[in-house]
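Have a look at the structure below before the remarks.
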Amino acid sequence: MHWADVLANELEEDREHVIATGITPSGPIHIGNMREVLTADAIYRAAIDRGLSAKLIYIADDFDQLRKVYPFLPREYERYVGMPLSEIPCPCGSHGSYADHFLESFLDSLKELGINPEVYRASKLYKEGRYNEFIQLALEKSDEIKRIIEDISKRDLPKNWLPFNIICENCKRLTTTQPLLYEYPTIEYRCRCGYEGEVDIRKGGVGKLPWRVDWPARWKMLKVTFEPFGKDHAAAGSSWDTGKVISEKIFGYPPPHHIVYEFIQLKGKGAMHSSKGTAISAEEMLKMTPPEVLRFLIMKNKPSKHIDFDPGLGLLDLVDEYDEEERVYFGVEEEKRGMKDLKRIYELSQPYKVPKKLPLQIPYRHLATIVQITKDWNGILEILRRTGQIGEHLDGEDEERLRRRIEHVTYWLERFAPDKIKFRLQDSLPDVDLRDEQKDFLKEYLNIVKSVDWNAESLHEGVYEASSRAGIDPKTGFRTMYQILLNKDHGPRLGYFLAMLGRDFVVNRLEEALKAV
RNA sequence: GGGCCUGUAGCUCAGCCAGGUAGAGCAUCUGGCUUUUAACCAGGUGGUCAUGGGUUCGAAUCCCAUCAGGCCCGCCA
């Protein structure tokens, strides 16, 4: 059984289920967050498929403070450190806040992946007073909460610690205030900026529960019944350990079902850290990977497995693997024994509906070659028709599929593909020095090209024939062709490549090369 | 120090949650194919399932211990 179904089977039948996910939008949202969201979505879908009543929610922790000036920020942001992300201006100026700047494009990406959660912003929940009863309760039970956290996490909290971080009314920081006295409904505090004052906790948005208390509070507030979280939250004494106790003892709410997931790493680079520049943002990942393939990556791996994402050649393999499973799903190819839960994985990989028939498949490697010959849509169609990979007419779904894959592979080529697979078809004959025997070869090959059946295999074989007639190594023959076409010594498999270029183009180029001295 | 995960063929991994004769891809070898951005076709070799114990008629699978590796342990996936 697929892991998502196993987890959904834990959920009680006589209950409304709320599957929660979310993050702190403090910077570009990276691909680890993708795993969390996709894991939650998988369980949500599995719950629905089981006939349970369920919804998926996404909580943006935009009331958390800015921790430091990240490398991608201008230095002026120093003055915002310690303020809630929702209260800091947007770095680019076109979003409502710092938090929205990073959040909005990520939420758009989710749409493309077929994830449509109810979105909650912590800043709103606080300002609208939805946290008020929990704040009051937490303050009343400060001592008990303090004891739980100290016992379980083995750290000491300050003497006058309260489970509430006040936002200074003067400098707007969350991190620089110290409570002096709590007497319902007000807390007196002092701030490092010199300000002293008091806040009324009945008024929303005057402060924030610390994470270890905030988390269990929101379980109850939003009636969360399932939540995936990373293993950082699951270490001994960490927020899950304290959270589940606080949830039960303080708020009287059973902690949600959960799954701890492993992190995604970049192949060869170890864990990703935005601060070290080794992170790839979620948006980038989605721009280079077709959405169904990105879902596939998450769905085929159990949450407990760590994933090495290879943005280089490995990405091509991943797409090929997806395509292969797709063919098997539609019965076009035989199932291999290693394919586990294939049907379910394929279904869960679909952003929206499962296709009714096998979608158009053009090998991704091949597409990577085609888009380097032409970026023009009609040009691409012409190439595919010439090589017999599509017929005269494409239906709407196949066209859509093709367009998307072209977009993704193009982005990948621009940003992530290794140099060795990149080339540029030269518009006119490059300035190359050809030896006499190479010209003999071109002459021989021109004859073949003029009359041969226009397909990859014949064109490829023609090189051997022309080489032997010209008395040269086939290797030199191939190299000669790449020189006059790409101005390089190597290139894509020649037969396919020439077949795509078309007879007129190839004949012309050969003739030009022969004319040049 | 603590926690979680992982350990299956030379390599990458599936199979473990519902115990019933050990699987795939790559590599290698053989045969075919006159070397092309990780070539193709057919076939073969290859594993006391990390180690030790336990439960069981039966264990890669469940339980316990040990060893090794990875990651995590203020906030953050």
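Throughout, protein chains are lettered first and strands after them, A, B, ... in sequence-line order, and every chain is numbered starting at 1.
- Map A:Tyr464 and A:Glu36 each onto its nearest nucleotide of RNA chain B; the residue landing nearer the 5' end is A:Tyr464.
- One finds no side-chain N or O of A:Arg493 lying less than 4.0 angstrom from the OP1 or OP2 phosphate oxygen of B:rC40.
- Distances were taken from every side-chain heavy atom of A:Asp317 (C-beta onward) to each of B:rA38, B:rG3, B:rA77; the shortest belongs to B:rA38.
- Distances were taken from every side-chain heavy atom of A:Lys475 (C-beta onward) to each of B:rA38, B:rA77, B:rU35; the shortest belongs to B:rU35.
- Atom CG of A:Asp151 is separated from atom C1' of B:rG2 by 16 Å (rounded to the nearest Å).
- A salt bridge between A:Lys300 and A:Glu321 is present, with a side-chain N of the basic residue lying under 4.0 Å from a carboxylate O of the acidic one.
- Both distances falling under 3.5 Å, in either a Watson-Crick or a G-U wobble arrangement, place B:rG1 opposite B:rC73.
- Across the P atoms, B:rA77 and B:rA59 are found 45 Å apart, a figure rounded to whole Å.
- Taking atom CD1 of residue A:Ile264 and atom C1' of nucleotide B:rG70, one finds them 16 Å apart after rounding to whole Å.
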Q: Could you go through the side-chain contact (heavy atoms from CB on, under 4.5 Å) check for A:Val432 and A:Asn487 one step at a time?
A: CA-CA 7 Å; A:Val432 284; A:Asn487 201 15; 3.7 Å; yes
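- Contact annotation: the side chain of A:Phe441 approaches that of A:Ser467 to within less than 4.5 Å [non-hydrogen atoms, C-beta and beyond].
- Considering CE of A:Met285 and CH2 of A:Trp412, their distance stands at 14.5 Å, rounded to 0.5 Å.
- Summarising the base pairing, B:rC11 is matched to B:rG25 through a Watson-Crick or G-U wobble pair whose two defining distances lie under 3.5 Å.
- For the C1' atoms, the distance from B:rU61 to B:rG20 is 11 Å, rounded to whole Å.
- With B:rG3, B:rA38, B:rC71 as the candidates, the nucleotide lying closest to the side chain of A:Phe263 is B:rC71.
- Nucleic acid contact class of A:Phe497 (heavy atoms, under 4.0 Å, all strands): none.
- Positionally, the nearest nucleotide of RNA chain B for A:Gly477 lies more toward the 5' end than for the other of A:Ser26 and A:Gly477.
- Under the Watson-Crick and G-U wobble criteria, each requiring two contacts below 3.5 Å, nucleotide B:rC40 is paired to B:rG32.
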Mind listing the N/O atom pairs, protein and nucleotides 4-10 of chain B, below 3.5 Å?
residue : atom : partner  : partner atom : Å
B:rC5   : O2'  : A:Ser304 : O            : 2.9

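- Pairing for B:rA65 is with B:rU51, a Watson-Crick or G-U wobble pair whose two hydrogen-bonding atom distances lie under 3.5 Å.
- A:Ile472 places its CD1 atom 18 Å from the P atom of B:rU34, with the value rounded to the nearest Å.
- For the atom pair CG (A:Leu297) and CD1 (A:Ile264), the distance works out to 6.0 Å, reported to the nearest 0.5 Å.
- Open room surrounds CZ on A:Arg424; 12 or fewer heavy atoms of other groups in view lie less than 6.0 Å from it.
- Going from the C1' atom of B:rA65 to that of B:rC71 covers 23 Å, rounded to whole Å.
- The CG atom of A:Asp62 sits 14.5 Å away from the NE2 atom of A:His101 when rounded to the nearest 0.5 Å.
- Here, B:rU6 and B:rU12 have their C1' atoms 14 Å apart, quoted to the whole Å.
- Side chain of A:Tyr126 to main chain of A:Leu209: a donor-acceptor pair is present (N/O by atom type, distance under 3.5 Å, no hydrogens or angles).
- Base contact: A:Gly491 has a heavy atom under 4.0 Å from a base atom.
- At whole-Å resolution of the value, NE2 in A:His233 and C1' in B:rC72 are 11 Å apart.
- Taking the C1' atoms as reference points, B:rA14 lies 10 Å from B:rU8, given to the whole Å.
- Separation of the P atoms belonging to B:rA9 and B:rU48 is 9 Å when rounded to the nearest angstrom.
- If you take CG of A:Leu342 and P of B:rG15, they are 13 Å apart, rounded to a whole angstrom.
- When rounded to the nearest whole Å, the span between CG of A:Leu209 and P of B:rC75 equals 15 Å.
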Q: Under the side-chain contact (heavy atoms from CB on, under 4.5 Å) rule, what do A:Leu7 and A:His257 come out as? Steps first, then yes or no, please.
A: CA-CA 9 Å; A:Leu7 290 167; A:His257 298 275; over 6 Å; no
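- Using cut-offs of 30° and 60° for the angle between ring planes, the A:Tyr131 and A:Phe134 rings count as perpendicular.
- For B:rA18, there is no paired base (Watson-Crick or G-U wobble, both distances below 3.5 Å).
- Taking atom P in both B:rC13 and B:rU21, the straight-line distance is 26 Å, to the nearest Å.
- Using a 4.0 Å heavy-atom distance criterion, A:Asp473 is classed as a base contact.
- To the nearest whole angstrom, the two P atoms, one in B:rG44 and one in B:rU35, are 26 Å apart.
- Atom-to-atom, CG of A:Asp61 to C1' of B:rA77 comes out at 12 Å; the value is rounded to the nearest Å.
- Nucleic acid contact for A:Ile23: sugar-phosphate only, since backbone atoms but no base atoms lie under 4.0 Å from a heavy atom of the residue.
- For A:Thr24, the listed nucleotide lying nearest its side chain is B:rA77; candidates were B:rA77, B:rU35, B:rG3.
- Here the P atom of nucleotide B:rC75 and the CH2 atom of A:Trp240 are 16 Å apart, to the nearest Å.
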